[in-house]
Asks: 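I am attaching a structure below and will ask some questions about it afterwards.
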Amino acid sequence: MLNLVLFGPPGAGKGTQSEKLIDKYRLVHVSTGDIFRSHIKNQTSLGQQVNQIIAEGNLVPDSITIAMLEEEIKKNPHAEGFIFDGFPRTVAQAKALDNFLMDNNTSITGVIALDVTEEELTQRIAKRQEISGRADDAADKLKKRIEEYFSKTIHVLPYYDEQGKLSKVNGIGDIETIFAELSAVIDEYNA
Ligand code: AMP
């Protein structure tokens, strides 16, 4: 199995690149942000539980997020691999994912971090908000999300680095160039 984590701050291009990578490598895309948004839209009890937390730009508690992610993996028993986008965002989530995959006789193949400056992120998300209308893309909420990234999520990087699984790709440039660089890293895993 090819199990990838696409890592990076809000607005790094994880969603855009994941969509392209799932086609090329026949992977299942697991975006915890997308799954939460779908629950909110459908007004499920989980959606009601997380709506406010997400609207404020805070992280959803690990217990809720991990349980949801495990359910999502279980829904795809025949997957050839997964691309995790927006998960893990804390070291506890990373450890839970490792344990869950190990129980299923698989593991994370590699983690690719998209490197983007904070200035570029702010500009990109401002544009995205005009199109997506996502409440959590508004300037003050975005500030909170970027803070969450630098206070909690960034610690996930050394966790994978210590396992020798971390690669970095420049996330600034045109979509196709970044896609080619990501593909080159993934092809190395397969080589
Ligand atoms: P995203 O679309 O990945 O930027 O996620 C949107 C929002 O969903 C985040 O700002 C968090 O509130 C929540 N969220 C998504 N993934 C996670 C996660 N792995 N852990 C905690 N909260 C998450």
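Order of listing sets the numbers, starting from 1, for every ligand and every atom in it. Counting begins at 1 with the first residue of the sequence. The basis for the numbers below is simple: all heavy atoms, side chains too, and nothing from hydrogens, waters or symmetry mates.
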Asks: I'd like to know if Glu147 and Lys143 make a salt bridge, using a cut-off of under 4.0 Å between side-chain N and carboxylate O.
Replies: yes
Asks: Is the closest side-chain heavy-atom distance between Met1 and Phe82 below 4.5 Å?
Replies: yes
Asks: Mind checking whether Leu4 and Tyr189 have side chains closer than 4.5 Å, heavy atoms only?
Replies: yes
Asks: Can you give me the closest heavy-atom contact between Ala12 and Leu114, atom names plus distance?
Replies: O-CD1, 3.6 Å
Asks: Could you tell me, for ligand 1, which of its N or O atoms are under 3.5 Å from any protein N or O, listing the pairs and their distances rounded to 0.1 Å?
Replies:
{"from": "ligand 1", "atom 1": "2 (O)", "to": "Arg37", "atom 2": "NH1", "distance (Å)": "2.9"}
{"from": "ligand 1", "atom 1": "2 (O)", "to": "Arg37", "atom 2": "NH2", "distance (Å)": "3.0"}
{"from": "ligand 1", "atom 1": "2 (O)", "to": "Arg134", "atom 2": "NH2", "distance (Å)": "3.4"}
{"from": "ligand 1", "atom 1": "3 (O)", "to": "Arg89", "atom 2": "NH1", "distance (Å)": "3.0"}
{"from": "ligand 1", "atom 1": "3 (O)", "to": "Arg89", "atom 2": "NH2", "distance (Å)": "3.3"}
{"from": "ligand 1", "atom 1": "4 (O)", "to": "Arg89", "atom 2": "NH2", "distance (Å)": "3.1"}
{"from": "ligand 1", "atom 1": "4 (O)", "to": "Arg145", "atom 2": "NH2", "distance (Å)": "3.2"}
{"from": "ligand 1", "atom 1": "12 (O)", "to": "Asn58", "atom 2": "O", "distance (Å)": "2.6"}
{"from": "ligand 1", "atom 1": "16 (N)", "to": "Thr32", "atom 2": "OG1", "distance (Å)": "2.8"}
{"from": "ligand 1", "atom 1": "16 (N)", "to": "Gly86", "atom 2": "O", "distance (Å)": "3.3"}
{"from": "ligand 1", "atom 1": "16 (N)", "to": "Arg89", "atom 2": "NH1", "distance (Å)": "3.0"}
{"from": "ligand 1", "atom 1": "19 (N)", "to": "Gly86", "atom 2": "O", "distance (Å)": "2.9"}
{"from": "ligand 1", "atom 1": "19 (N)", "to": "Gln93", "atom 2": "OE1", "distance (Å)": "3.0"}
{"from": "ligand 1", "atom 1": "20 (N)", "to": "Gln93", "atom 2": "NE2", "distance (Å)": "2.9"}
{"from": "ligand 1", "atom 1": "22 (N)", "to": "Val60", "atom 2": "N", "distance (Å)": "3.1"}

Asks: For Phe100, enumerate each residue passing the side chain to side chain contact (heavy atoms under 4.5 Å, CB included) test, keeping only those at least two apart in sequence or located in another chain.
Replies: Glu70, Ile73, Lys74, Asn104
Asks: Would you confirm whether Ser167, through its side chain, and Ile112, through its main-chain N or O, come within 3.5 Å as a donor-acceptor pair?
Replies: no
